[in-house]
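The next block holds one structure in the form of structure tokens; read it before the comments.
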Amino acid sequence: SPLQHPTQLAITMASNLIKRSTGLVGLAVVPNAREVLSKLYKQTLKEIRIIPQGAYYRQHVEDFTKFRLGVVEKETDIRTIESTIKSGQVEELIVMAKNELFLIPKMAEWKPWEIDSLNPPKLLWTKA
């Protein structure tokens with residue numbers, strides 16, 4: 001094969017690193033996934049404040065969101081982000097983060113942390 005100009009070689013190498021498909025039907029590649037994830041994680045940390053501090057749900061969401069945000073802010077390589085977080089591709093992480101943002105106000109409405117242990121809902125404590 002003929003030698004390529006260094007600029008063309010760099011472009012060819014870079015294009016080989018660009019993700020072209022997630023390999024998942026219906027889930028398109030997000031070229032700016034780091035920025036999207038960072039924004040979603042920061043929004044999650046802001047919105048989760050409507051949940052009482054002592055609620056396990058809030059603690060859990062804050063813990064894993066802070067971890068993921070830290071990874072996204074520290075790492076620039078998408079593959080490193082995915083392998084460090086270990087929850088799928090960045091596009092899947094975006095879906096999960098959006099789902100969490102949808103769930104937060106629902107949890108605030110449902111208040112599962114206020115279940116009365118002396119009078120629990122019958123379905124939770126009935127043996128089959």
Side-chain angles (χ1 to χ4, degrees):
S1 67
L3 293 176
Q4 291 182 326
H5 186 274
T7 304
Q8 184 60 40
L9 181 61
I11 291 169
T12 302
M13 289 173 64
S15 70
N16 288 334
L17 295 176
I18 295 172
K19 189 179 201 177
R20 295 190 175 122
S21 171
T22 62
L24 301 170
V25 175
L27 191 59
V29 171
V30 178
N32 62 334
R34 277 186 71 237
E35 294 79 13
V36 172
L37 283 169
S38 180
K39 181 180 176 184
L40 289 169
Y41 291 149
K42 287 175 183 176
Q43 185 178 354
T44 299
L45 290 172
K46 181 180 174 187
E47 292 190 22
I48 195 67
R49 293 181 195 149
I50 65 171
I51 306 296
Q53 276 188 315
Y56 176 75
Y57 171 68
R58 175 176 171 170
Q59 294 167 4
H60 181 67
V61 169
E62 284 179 335
D63 287 348
F64 79 75
T65 303
K66 286 176 184 176
F67 166 73
R68 290 177 177 191
L69 178 60
V71 172
V72 167
E73 289 182 338
K74 179 184 172 205
E75 301 295 341
T76 56
D77 179 61
I78 295 298
R79 286 176 280 181
T80 303
I81 292 169
E82 293 170 345
S83 66
T84 303
I85 293 178
K86 296 181 180 154
S87 288
Q89 298 179 49
V90 288
E91 291 80 6
E92 292 173 289
L93 295 172
I94 290 169
V95 170
M96 289 179 225
K98 287 179 179 179
N99 288 343
E100 198 66 59
L101 284 167
F102 177 79
L103 183 59
I104 291 170
K106 299 282 187 201
M107 292 293 277
E109 177 187 338
W110 298 332
K111 300 178 183 175
W113 51 87
E114 292 182 2
I115 291 177
D116 182 356
S117 62
L118 298 176
N119 298 304
K122 291 189 190 315
L123 292 176
L124 290 178
W125 301 100
T126 306
K127 289 187 177 183

Using side-chain hydrogen bond (donor to acceptor under 3.5 Å, both in side chains) as the criterion, list what pairs up with [X], not counting sequence neighbours.
X   : result
T80 : D77
E47 : Q43
T22 : none

Mind jotting down which residue pairs meet the ring pair (Phe, Tyr, Trp, His ring centres under 6.0 Å) criterion with at least one end in [range]? Sequence neighbours excluded, please.
range           : result
residues 72-92  : none
residues 18-57  : Y56-H60
residues 76-99  : none
residues 72-116 : none

Sorted by first residue and then second, give each side chain to side chain donor-acceptor pair (under 3.5 Å) pair with at least one member in residues 89-98; sequence neighbours left out.
-> K19-Q89, K19-E91
Could you tell me whether E114 atom CD has more than 12 heavy atoms of other residues or ligands within 6.0 Å of it?
-> yes
Out of curiosity, does V29 fall in the hydrophobic cluster containing V36 (side-chain heavy atoms, cut-off under 4.5 Å, transitive links)?
-> no
How many angstroms lie between [atom1] in [X] and [atom2] in [Y], if you round to the nearest 0.5 Å?
X   : Y    : atom1 : atom2 : value
L37 : N32  : CG    : CG    : 9.5 Å
F64 : E100 : CZ    : CD    : 4.0 Å
L93 : I81  : CG    : CD1   : 9.0 Å

In sequence, state the C-alpha distance, the side-chain angles, and the governing distance for T76 and R34, and then conclude on side chain to side chain contact (heavy atoms under 4.5 Å, CB included).
-> CA-CA 8 Å; T76 56; R34 277 186 71 237; 4.2 Å; yes
Qualifying salt bridge (Lys or Arg N to Asp or Glu O under 4.0 Å) pairs, either residue in residues 59-68, two or more places apart | R58-E62
Residues that E73 engages under salt bridge (charged side-chain N to carboxylate O under 4.0 Å, His left out), provided they are two or more places apart | K42
For side chain to side chain contact (heavy atoms under 4.5 Å, CB included), just list the numbers for I48 and T65, CA-CA rounded to whole Å, side-chain angles, deciding distance to a tenth of an Å, and then say yes or no.
-> CA-CA 10 Å; I48 195 67; T65 303; over 6 Å; no
Walk me through it: do L40 and L101 pass the test side chain to side chain contact (heavy atoms under 4.5 Å, CB included)?
-> CA-CA 8 Å; L40 289 169; L101 284 167; 3.6 Å; yes
Can you name the side-chain contact (heavy atoms from CB on, under 4.5 Å) partners of I50, sequence neighbours left out?
-> I104, A108
Taking all non-hydrogen atoms of both residues into account, name the closest pair between A97 and T44 and its distance.
-> O-OG1, 4.4 Å
Any chance you could pull the hydrophobic cluster mates of L24, using side-chain heavy atoms under 4.5 angstrom and chaining through other members?
-> L27, V95
